[in-house]
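Values below: every heavy atom of this structure, side chains too, minus hydrogens, waters and symmetry copies. Throughout, protein chains are lettered first and strands after them, A, B, ... in sequence-line order, and every chain is numbered starting at 1.
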Protein chains: 2
Amino acid sequence: MSRISDATITRLSQYYRSLASLEEGGQEMVSSMALARKHGVTPAQVRKDLSCFGQFGTRGLGYSVCQLKETIARILGLHRIWNVALVGAGSLGSALISYKEFKRQGFHIVAVFDNDLDKVGKKRRGLTILDIRRLPQMVKKLDINLAIIAVPKDAAQSVADLLIKAGLKMILNFAPISLKASPGITIRNVNMAIELEALSYRLVADKSFRPGNNPQLTPV
Amino acid sequence: MSRISDATITRLSQYYRSLASLEEGGQEMVSSMALARKHGVTPAQVRKDLSCFGQFGTRGLGYSVCQLKETIARILGLHRIWNVALVGAGSLGSALISYKEFKRQGFHIVAVFDNDLDKVGKKRRGLTILDIRRLPQMVKKLDINLAIIAVPKDAAQSVADLLIKAGLKMILNFAPISLKASPGITIRNVNMAIELEALSYRLVADKSFRPGNNPQLTPV
DNA sequence: GTCGGATTGTGAAAGTGTTCACAAGCATGG
DNA sequence: CCATGCTTGTGAACACTTTCACAATCCGAC
């Protein structure tokens with residue numbers, strides 16, 4: 001079967017959250033219809049997403065909340081603990097250390113690195129900031145699986161290179177620059193400014209701009 | 001012409017960044033080919049993206065770096081200042097206040113709100129934290145255009161309701177819950193945990209899991 | 001045991017986004 | 001002024017994603 005799309009994976013993550021809260025509420029079964037409504041998608045979409053991985057439902061009844069949750073957890077790798085390295089002990093980095101949702105899903109930030117020697121040795125929410133040069137050593141020692149980059153734009157590419165050299169294959173990048181992944185390496189770029197830009201585009205577009213009917217857009 | 005896709009807008013944001021750095025470097029013209037290579041897309045993609053909004057290039061020569069940059073800025077609404085309200089003065093909120101890229105693109109966080117009365121009145125990087133109940137008043141007074149939610153999961157929906165009631169139409173949500181937008185309201189959800197999950201999925205998938213060939217995935 | 005109501009799983013259809021391929025068109029040089 | 005080389009802009013082809021629609025099938029009631 002073909003590769004699973006990113007959109008499908010994102011939705012599975014979302015279904016997972018709904019299922020967890022349904023389970024807390026004591027509900028035993030859920031239909032594709034119910035799940036779909038919670039996420040603003042069609043029931044067919046829910047079923048297609050799940051069908052990429054197997055058959056988990058019972059016709060006439062729906063899906064077992066508990067079983068489906070566990071199944072998705074296994075698909076997404078949420079059934080285990082992942083050790084995460086964080087590079088960048090600035091304010092964003094510090095915020096990420098205490099971001100509850102990471103820990104809740106099994107992503108444990110086990111080491112924080114920085115290249116600023118004034119910071120090295122200090123603590124951030126219980127974790128001692130380590131010299132970035134100790135990265136390769138610590139990746140092995142702590143069995144680190146994933147890395148998060150939270151450094152300024154200009155440092156991001158060289159940090160990524162270091163991470164890859166240390167053997168890491170999966171990187172989540174918060175620096176506002178799109179890092180390109182070499183083959184075998186997966187980099188996900190989260191650019192918070194770009195998210196805002198998508199909103200401001202709509203703010204402009206809704207008011208005055210209509211594609212194809214926009215004289216003032218011609219080059220200056 | 002039809003609605004512009006989200007992917008196109010995201011790419012325009014990225015082209016914009018490249019153009020800014022090309023301009024700094026003194027380059028005057030750029031071809032779709034050159035721009036495409038910087039972003040790992042095809043030249044045709046670049047041209048299609050731009051052609052949604054008009055014709056900005058010169059055949060045989062390419063695009064004027066400066067003009068194209070200005071044009072994209074106008075499309076995305078980056079040619080002006082947007083006043084942004086931030087709700088949630090926790091660690092993520094504080095990090096966002098000092099996130100340079102926002103200011104650089106014209107997004108100015110002009111007010112910070114929280115419902116924790118212990119925080120209200122204190123300062124975060126120069127901004128006094130305001131009582132969330134003053135939101136409607138301040139939205140008008142400060143002419144706020146956009147809002148960012150950086151509160152815990154459970155508070156996110158009620159904060160969104162407040163923002164909408166105060167007249168805001170564009171919301172960027174960092175709480176790990178997908179807020180649904182009512183008609184006329186645009187909400188963008190940034191879920192950092194989901195980004196990590198997409199990575200852990202691949203970590204699991206690359207090693208052991210192949211869709212359709214995965215006995216241990218059957219429900220427990 | 002079988003009938004009825006409900007819901008899944010899935011091919012096929014529709015819709016969207018991306019790439020191809022080439023005519024159109026500009027600048028430069030002779 | 002025309003030929004040449006290069007790059008845009010765009011219709012058509014292709015690829016991917018979502019939705020539709022319905023057969024398959026399970027549960028529970030009678």
*Thinking salt bridges, do B:Arg11 and B:Asp6 make one under a 4.0 Å N-O criterion?*
no
*With a 4.0 Å cut-off, would you call B:Glu197 and A:Arg188 a salt bridge?*
no
Any side-chain donor-acceptor pair under 3.5 Å between [X] and [Y]?
X: A:Thr8; Y: A:Ser5; result: yes
X: B:Asn191; Y: B:Glu195; result: no
X: B:Gln105; Y: B:Glu101; result: yes

Rounded interatomic separation in angstrom, taking [atom1] from [X] and [atom2] from [N]:
X: B:Met33; N: C:dC20; atom1: CE; atom2: P; answer: 11 Å
X: B:Leu68; N: D:dT8; atom1: CG; atom2: C1'; answer: 12 Å
X: A:Ile4; N: D:dT17; atom1: CD1; atom2: C1'; answer: 13 Å
X: A:His39; N: D:dT18; atom1: NE2; atom2: P; answer: 15 Å
X: A:Phe56; N: C:dG9; atom1: CZ; atom2: P; answer: 9 Å

_Within residues 3-31 of chain B or reaching into it, pairs that qualify as ring-ring contact (aromatic ring centres under 6.0 Å, His included) - sequence neighbours excluded_ = B:Tyr15-B:His39
*Using atom types as modelled and distance alone, determine if a side-chain donor or acceptor of B:Asp161 lies under 3.5 Å from a backbone N or O of B:Lys165.*
no
*Could you tell me whether a side-chain N or O of A:Ser32 sits under 3.5 Å from a main-chain N or O of A:Arg47, the two making a donor and an acceptor?*
no
*When the nearest nucleotide of DNA chain D is assigned to B:Gly57 and to A:Asp6 on a heavy-atom basis, which residue is associated with the more 5' position?*
B:Gly57
*asked:* Which is more 5' along DNA chain D, the nucleotide nearest A:Asp49 or the one nearest B:Ser32? Just name the residue.
replied: B:Ser32
*Would you say the base of D:dT17 and the side-chain of A:Lys48 have a donor-acceptor pair closer than 3.5 Å?*
no
[X] vs [N]: side-chain N/O to OP1/OP2 distance below 4.0 Å:
X: A:Ser31; N: C:dT7; answer: no
X: B:Gln45; N: C:dC20; answer: no
X: B:Arg11; N: C:dT18; answer: yes
X: B:Tyr63; N: D:dG9; answer: yes
X: A:Thr42; N: D:dT18; answer: no

*Evaluate the side-chain proximity of A:Val110 to A:Ile144: yes if any heavy-atom separation is below 4.5 Å, no if none is.*
yes
_Side chains of B:Ile148 and B:Val87, heavy atoms from C-beta outward: is any pair under 4.5 Å?_
no
*If you check the A:Ser51 side chain, which of C:dT18, C:dT10, C:dT8 turns out closest?*
C:dT10
*Would you indicate which nucleotide in D:dT17, D:dT10, C:dT10 comes nearest to any side-chain atom of B:Gln55?*
D:dT10
*Produce a footprint string for nucleotides 21-30 of chain C: one letter per nucleotide, 5' end first; B if the base is under 4.0 Å from any protein heavy atom, S if only the sugar-phosphate is, - if neither.*
B-BBBBS---
*asked:* Near DNA chain D, counting only heavy atoms under 4.0 Å, which residues of residues 12-25 of chain B show up?
replied: none
